[in-house]
A.B. asks: 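Would you mind keeping the following structure in view while I ask a few things?
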Amino acid sequence: MVDAVGIDSGASLTKVAIRSGNETLHRVLPAGDAGPAEKLVGELAPRRIGLTGGGAPELARRLGNGALRVNEFAAWGAGAAVLLGAEGREAPHPFLLVSLGTGTSVMLADRLSVNRVGGTALGGGTVMGLGALLLGSANFDEICALAARGDRRHIDMLVSDIYRPGEIALTGDLTAANFGKPSLGRGAKPKPEDIAAAIMGLVGENVALICAGLAAPHGIRHVVFGGSTLRENPALRGVLHEITSAFGRDPVFLERGEYAGAVGALELAAA
């Protein structure tokens, strides 16, 4: 028997946090079927169970009254604070907390107060969908590995592709149009790794721009990023870091950010 289990049942993955004594373990299960999570809980026999995410209602029905359903945004806020503490960093209140999952939610976190202030339909679902359409693969890890080797400047139209230096008050290496360069009909056939990098650029630039726009009216300096879309994804992290920093904000990446919701559900259930 373990002390507590927190489960974040999302659209693409089910994330699990397991606490036994002073140790917290993490696991990932496939989404779309509550069976594996139900089986795991049965094997672990936890004293407390916290559930969050879109699949929480079905899982709660299967597990019965012993499971506590937790608001997703509250779970993310509590989980982010715990993960930052485990990394030896203090939560920089207030801050924007960004959940990059199948889509993206942006929350304003100020200690016990966590509220969703915006978001976008761009996220991991976009990466996998465009990967399937453009690369013939919806395997997330394969797309991330390709993107890490690619150069999106071969795919994206830059300001320098339109204007000569000094003609406009913009830096030449800024993106003018995501995926715009193939329409010019120049150069060799795009490489799969460059296409994958451009997919990450499309998602990362727009998420970072949305975060910068939401941070400004609240006077927020720190933007904390987490979510399964950042798992083993250096290309996306790089774009988020570059654009967030360019707008005068400090990006912070949770080392185990994909488990923020699960850890928070565990914490709130065990409280």
Side-chain angles (χ1 to χ4, degrees), residues 1-10 12-29 31 37 40-41 44 46-56 59-60 63 66-101 104-117 119 124 211 220-233 237 240 244 249-271:
M1 178 180 287
V2 301
D3 297 325
V5 168
I7 301 177
D8 180 2
S9 182
S12 301
L13 294 172
T14 295
K15 287 75 66 178
V16 184
I18 305 164
R19 177 167 296 162
S20 181
N22 294 324
E23 186 179 22
T24 301
L25 304 175
H26 306 92
R27 291 187 60 176
V28 174
L29 302 173
L40 178 63
V41 170
L44 296 172
R47 295 184 178 89
R48 301 284 182 88
I49 306 168
L51 306 176
T52 194
L59 191 52
L63 296 176
L68 174 68
R69 284 181 58 188
V70 177
N71 175 274
E72 187 169 355
F73 306 128
W76 259 82
V82 170
L83 292 174
L84 284 167
E87 296 168 14
R89 297 187 286 184
E90 187 176 347
H93 293 288
F95 62 94
L96 285 189
L97 178 57
V98 186
S99 168
L100 277 136
T104 300
S105 283
V106 183
M107 294 156 273
L108 176 60
D110 191 0
R111 303 193 187 281
L112 296 179
S113 174
V114 183
N115 297 292
R116 188 181 189 276
V117 291
C211 291
I220 300 297
R221 182 168 183 83
H222 294 88
V223 183
V224 178
F225 292 99
S228 54
T229 307
L230 292 171
R231 180 171 51 93
E232 301 295 327
N233 194 346
R237 283 176 178 250
L240 290 168
T244 303
R249 311 298 163 184
D250 293 334
V252 177
F253 294 91
L254 294 170
E255 293 178 10
R256 291 185 173 270
E258 63 266 40
Y259 298 107
V263 170
L266 182 155
E267 288 291 326
L268 294 175

A.B. asks: side-chain contact (heavy atoms from CB on, under 4.5 Å) with Ile7: which of Thr52, Val70, Val41?
C.D. replies: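 For Ile7, the side-chain contact (heavy atoms from CB on, under 4.5 Å) test succeeds with only one of Thr52, Val70, Val41, which is Val41.
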A.B. asks: Show the nearest heavy-atom pair for residues Phe225 and Cys211, with the distance to one decimal.
C.D. replies: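 Smallest interatomic distance, heavy atoms only, reads CE2-SG, 4.2 Å.
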A.B. asks: Give, for atom CZ of Phe253 and atom OG1 of Thr244, the distance between the pair rounded to the nearest 0.5 Å.
C.D. replies: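 The distance works out to 6.5 Å.
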A.B. asks: With rounding to the nearest 0.5 angstrom, report the CZ to CE distance, Phe95 to Met107.
C.D. replies: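 Phe95 CZ to Met107 CE: 9.0 Å, rounded to 0.5 Å.
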A.B. asks: Please check: side-chain N/O of Thr229 versus main-chain N/O of Gly101, any donor-acceptor pairing under 3.5 Å?
C.D. replies: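 Answer holds: yes.
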A.B. asks: Please walk me through it: do Asn115 and Phe73 pass side chain to side chain contact (heavy atoms under 4.5 Å, CB included)?
C.D. replies: CA-CA 7 Å; Asn115 297 292; Phe73 306 128; over 6 Å; no
A.B. asks: Applying side chain to side chain contact (heavy atoms under 4.5 Å, CB included) to Val223 and Val106, what does each step give before you reach the verdict?
C.D. replies: CA-CA 9 Å; Val223 183; Val106 183; over 6 Å; no
A.B. asks: Kindly give the heavy-atom pair with the smallest separation between Leu84 and Pro92, and that separation in Å.
C.D. replies: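 Smallest interatomic distance, heavy atoms only, reads CD1-CD, 4.2 Å.
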A.B. asks: Step by step, work out the side chain to side chain contact (heavy atoms under 4.5 Å, CB included) result for Val2 and Arg47.
C.D. replies: CA-CA 7 Å; Val2 301; Arg47 295 184 178 89; over 6 Å; no
A.B. asks: Give every residue pair that meets the side-chain hydrogen bond (donor to acceptor under 3.5 Å, both in side chains) criterion with at least one member in residues 258-271, sequence neighbours excluded.
C.D. replies: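 Every side-chain hydrogen bond (donor to acceptor under 3.5 Å, both in side chains) pair that includes a residue of residues 258-271, provided the two are not neighbours, is Arg19-Glu267.
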A.B. asks: Closest approach of Ser105 and Arg116, non-hydrogen atoms and distance?
C.D. replies: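 In this case the closest contact between Ser105 and Arg116 is OG-NE, 3.1 Å.
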A.B. asks: Looking at every heavy atom in both Arg48 and Ala269, which two are closest together, and how far apart are they?
C.D. replies: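 For Arg48 versus Ala269, the nearest heavy atoms are NH1-O, 3.0 Å.
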A.B. asks: Under 4.5 Å between any side-chain heavy atoms of Val224 and Val98, yes or no?
C.D. replies: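 Of all side-chain heavy-atom pairs linking Val98 with Val224, none is under 4.5 Å.
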A.B. asks: Working to the nearest 0.5 angstrom, can you tell me the gap between Glu255 CD and Leu230 CG?
C.D. replies: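 Reported value, rounded in 0.5 Å steps: 13.0 Å.
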A.B. asks: Is any side-chain heavy atom of Leu44 less than 4.5 Å from a side-chain heavy atom of Ile18?
C.D. replies: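 In short, these two side chains touch, coming nearer than 4.5 Å.
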A.B. asks: Please check this pair: side chain of His93 against backbone of Arg111, looking for a donor-acceptor N/O pair closer than 3.5 Å.
C.D. replies: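 Judged by distance alone, yes, a pair lies under 3.5 Å.
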A.B. asks: Please name the pair of heavy atoms, one in Ala260 and one in Ala80, separated by the smallest distance, quoted to 0.1 Å.
C.D. replies: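 Looks like CB-N, 4.3 Å.
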A.B. asks: Is there a side-chain contact between Trp76 and Val114 (heavy atoms, below 4.5 Å)?
C.D. replies: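 Sidechains of Val114 and Trp76: no contact.
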A.B. asks: Rounded to the nearest 0.5 Å, what separation is found between the NZ atom of Lys15 and the NE2 atom of His26?
C.D. replies: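 Lys15 atom NZ to His26 atom NE2 measures 12.5 Å (nearest 0.5 Å).
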A.B. asks: Output the distance between atom CG (Leu40) and atom OG1 (Thr14), rounded to the nearest 0.5 Å.
C.D. replies: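 Result: 10.5 Å between the selected atoms.
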A.B. asks: Could you tell me the separation between the CG atom of Leu254 and the CD atom of Glu87, rounded to the nearest 0.5 Å?
C.D. replies: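 With rounding to 0.5 Å, CG (Leu254) is 5.5 Å from CD (Glu87).
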A.B. asks: Do Asp3 side-chain atoms and Gly21 backbone N/O form a donor-acceptor pair below 3.5 Å?
C.D. replies: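 Answer holds: yes.
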A.B. asks: Is there side-chain contact between Leu240 and Pro251, with heavy atoms separated by less than 4.5 Å?
C.D. replies: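 Side-chain contact under 4.5 Å: no.
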A.B. asks: Taking Asp110 for the side chain and Ser113 for the main chain, is one N or O donor matched with an acceptor at less than 3.5 Å?
C.D. replies: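 No, the answer is negative, given that no donor and acceptor are paired below the 3.5 Å cut-off.
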A.B. asks: Donor-acceptor check, side chain of Thr104 to backbone of Leu100, threshold 3.5 angstrom: yes or no?
C.D. replies: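 No: the side chain of Thr104 does not pair with the backbone of Leu100.
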A.B. asks: How far apart are the closest heavy atoms of Leu51 and Ala67, and which atoms are they?
C.D. replies: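 Where Leu51 meets Ala67 most closely, the heavy atoms are CD1-CB, 3.6 Å.
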A.B. asks: Compare all side-chain heavy atoms of Leu29 with those of Val16 and state whether any distance is below 4.5 angstrom.
C.D. replies: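 Counting from C-beta outward, Leu29 and Val16 do come under 4.5 Å.
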